[in-house]
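Remarks on the structure that follows.
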Amino acid sequence: MSEFKVSPSVTEGPTRNRADAEWESEASEDRRQVTPPAGVVWRHSALEGLLSFLLLFGVTSILRWFVAPSYISSKVGDGRLGLAAVGLAVGLLISLLVLSRPGRISGGHMNPAISFAMWRFGIFPGRLVVPYVIAQFGGSTAGVIVARFVWGATAENPPVTFAVLQPAAGWTAAGLFAAEAVSTGIVIFSVGYFLQSPRLARLVPWLAGLLIGAAIALLGSATGASMNPVRQFGPALFSAEYSFLWVYLLAPMVGAFAAAVLLNAVRRRRTVLTHRLCGTHEDGSSVSVTRVA
C-alpha cells in the first residue's frame with residue numbers, strides 16, 4: 001500500500017500541526033499498530049468529548065421540545081408520530097455532528113462501540129480507544145448538566161427526566177441485552193460495509209443517522225433504542241436510574257464486537273478505508289484503496 005501526500009490545506013490551521021500530518025501520512029496495512037503522537041491523541045479525544053457533549057445536550061433538548069409540554073409536542077403528539085419525529089431529529093443531529101469540522105477531525109464516533117469496532121476493523125489505533133471512551137463519557141455527563149442548566153426543571157422532571165432510557169414493562173435484562181446488541185451490531189456492520197467503498201463512504205453520515213433514527217422510531221417505546229453506552233450514562237447518572245444501566249453500557253459493546261468479527265470474516269480482500277464516519281479524509285477528499293485515513 002503506497003504512501004500518500006497530505007495537501008497543505010490539511011496540515012495548516014489551528015487544529016492541525018506537523019505531527020498530525022506525519023501521523024496521517026503513514027501507510028499501514030493495520031492502523032492498530034500505528035502509534036499517533038501524544039498531541040493527536042489528546043486533541044482528537046477532546047473533540048470527541050465536545051461532540052459527545054453536543055449529542056447529549058441535543059438529545060435532551062429534543063426531548064424537552066418533542067416530549068415535554070411545548071408547541072412542538074402539541075403538534076406531533078406522544079404516539080408513533082411523536083416517536084418518529086424524535087427519531088428523525090436525533091438522526092439528523094448525529095449526521096450533522098459527524099459532518100461538522102470536529103467530526104471530520106476526530107472521526108465523529110461519539111460512541112465507545114464505534115471506536116472499539118474501528119479498532120477491530122484494523123483502521124483505528126488502539127492507543128486512541130481509551131482516551132476516546134473517557135472523553136465520550138465525560139461529554140455525556142457535561143451535556144446533561146448543561147441541558148439541565150439551560151432548560152431548568154423541565155429537563156429534570158418527567159417526561160424528560162434527563163433523557164434517561166428505560167425499557168417498556170415486561171422486558172427482561174436478557175431480552176433488552178439481545179435487542180441492544182443486535183440493533184447496535186446492524187448499525188456498525190452497515191457502517192463498516194459502506195466504509196469499504198469510496199463510492200459509498202460519503203453516504204455514511206446519512207446512513208448512520210437514518211439507521212439510528214429508524215431504530216428510535218421502531219424500538220424507542222420498547223427498548224429505548226440507545227445503541228450507545230454514553231447515550232445512557234449521563235442521563236442515568238443524574239436521574240439515579242440504574243436498574244438496566246449495565247445492559248445499556250455492555251450490550252452495544254458486544255454488538256460492536258460481533259459486527260466487527262462478522263465483517264472481517266466476510267469482507268475477504270476488501271478493507272475498511274477510514275475510521276471517520278464522514279467517509280472522507282479530514283480535508284474532505286475521497287478515500288480510496290491506496291490511501292489510509
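Closest approach of Val76 and Ala85 over heavy atoms only: CG1-CB, 4.2 Å. Closest approach of Val160 and Ala155 over heavy atoms only: CG1-O, 3.6 Å. For the pair Phe137 and Pro229, the tightest heavy-atom approach, listed with the atom from each and the gap, is CZ-CB, 3.9 Å. The two atoms that bring Ala256 and Ala113 nearest to each other are CB-O, 3.4 Å, heavy atoms only. Nearest heavy-atom pair, Gly143 versus Leu56, reported as atom, atom and distance to 0.1 Å: CA-CB, 4.2 Å. When every heavy atom of Leu195 is checked against every heavy atom of Ala201, the shortest pair comes out as CD2-CB, 4.1 Å.
Between the CH2 atom of Trp42 and the CG atom of Leu47 there is a distance of 13.5 Å, given to the nearest 0.5 Å. Between atom CG of residue Leu55 and atom CD of residue Glu48 there is a gap of 10.5 Å, rounded to the nearest 0.5 Å. One distance of note links CD1 of Ile216 with OG of Ser221; it measures 12.0 Å at 0.5 Å rounding. Distance check, rounded to the nearest 0.5 Å: CG of Leu263 to CZ of Phe121 gives 4.5 Å. Atom OG1 of Thr60 and atom CZ of Phe162 lie 9.0 Å apart (nearest 0.5 Å). Between the CZ atom in Arg80 and the CG atom in Leu218 there is a gap of 7.0 Å [rounded to 0.5 Å].
Between the side chains of Ser226 and Gln232, no donor-acceptor pair is found at a separation under 3.5 Å. At a cut-off of 3.5 Å, with distance as the only test, no side-chain donor of Arg202 or Thr280 sits close to an acceptor on the other residue. Residues Glu156 and Thr161 bring no donor and acceptor atom of their side chains to less than 3.5 Å of each other.
Using a 4.5 Å cut-off between side-chain heavy atoms of Ile, Leu, Val, Met, Phe, Trp and Tyr, Ile134 falls into a hydrophobic cluster with Val130. Hydrophobic clustering, defined by side-chain heavy atoms of Ile, Leu, Val, Met, Phe, Trp and Tyr closer than 4.5 Å, groups Ile186 together with Val182.
Under the ring pair (Phe, Tyr, Trp, His ring centres under 6.0 Å) criterion, the residue pairs touching residues 88-113 are His109-Phe124, His109-Tyr132, His109-His275, with sequence neighbours excluded. Among residues at least two apart or in separate chains, there is no ring pair (Phe, Tyr, Trp, His ring centres under 6.0 Å) pair with a member in residues 200-226. Residues in residues 63-83 take part in these ring pair (Phe, Tyr, Trp, His ring centres under 6.0 Å) pairs, two or more places apart or across chains: Trp65-Trp151.
Residues Thr184 and Val254 form no side-chain contact, since every pair of their non-hydrogen atoms from C-beta on lies 4.5 Å or further apart. Between Met110 and Leu54 there is no side-chain heavy-atom pair separated by less than 4.5 Å. At a threshold of 4.5 Å between non-hydrogen side-chain atoms, the residues Ile105 and His44 count as touching. Looking only at side-chain heavy atoms (C-beta outward), Pro36 and Leu128 come within less than 4.5 Å of each other. No side-chain heavy atom of Leu88 sits under 4.5 Å from any side-chain heavy atom of Leu92. Within the 4.5 Å cutoff, the side chain of Leu277 has no heavy atoms near those of the Pro205 side chain. Counting only heavy atoms from C-beta outward, the side chains of Tyr248 and Pro167 approach each other to under 4.5 Å. Put simply, the side chain of Phe53 reaches to within 4.5 Å of the side chain of Val146, judged on heavy atoms.
Between the side chain of Arg276 and the backbone N or O of Arg104, at least one donor-acceptor pair lies under 3.5 Å. At least one donor-acceptor pair closer than 3.5 Å links the side chain of Glu180 to the backbone N or O of Met227. Side-chain N or O atoms of Asn111 include none that pairs as donor or acceptor with a backbone N or O of Val230 at under 3.5 Å. A distance-only check finds no donor-acceptor pair linking the side chain of Ser239 to the backbone of Val164 [under 3.5 Å]. Side-chain atoms of Ser115 do not come within 3.5 Å of backbone N or O of Pro112 as any donor-acceptor pair. For the pair Ser140 (side chain) and Gln136 (backbone), a donor-acceptor distance under 3.5 Å is absent. In this structure, Ser45 contributes its side chain and Val41 its backbone to a donor-acceptor pair below 3.5 Å. In this structure, Ser197 contributes its side chain and Phe194 its backbone to no donor-acceptor pair below 3.5 Å.
In this structure, the side-chain contact (heavy atoms from CB on, under 4.5 Å) partners of Ser73, at least two apart in sequence or on a different chain, are Ser70.
Residues Ile123 and Val261 are members of one and the same hydrophobic cluster, defined by side-chain heavy-atom contacts under 4.5 angstrom among Ile, Leu, Val, Met, Phe, Trp and Tyr. Grouping the Ile, Leu, Val, Met, Phe, Trp and Tyr side chains by contacts below 4.5 angstrom, directly or via other members, places Leu50 with Phe57. If you chain together hydrophobic residues whose side chains sit under 4.5 Å apart, Val67 and Phe238 fall into the same group. Under the 4.5 Å side-chain heavy-atom criterion for Ile, Leu, Val, Met, Phe, Trp and Tyr, Leu51 and Leu207 are members of the same hydrophobic cluster. Residues Val133 and Trp119 are members of one and the same hydrophobic cluster, defined by side-chain heavy-atom contacts under 4.5 angstrom among Ile, Leu, Val, Met, Phe, Trp and Tyr.
In this structure, Trp246 and Phe177 have tilted ring planes: the angle between them lies in the 30° to 60° band.
The cationic group of Arg270 lies under 6.0 Å from the six-membered ring centre of Tyr193 and within 45° of the ring axis, placing it in a cation-pi geometry.
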Audit row: Met118, Val191, side-chain contact (heavy atoms from CB on, under 4.5 Å) steps and yes/no: CA-CA 10 Å; Met118 292 301 171; Val191 165; 4.2 Å; yes
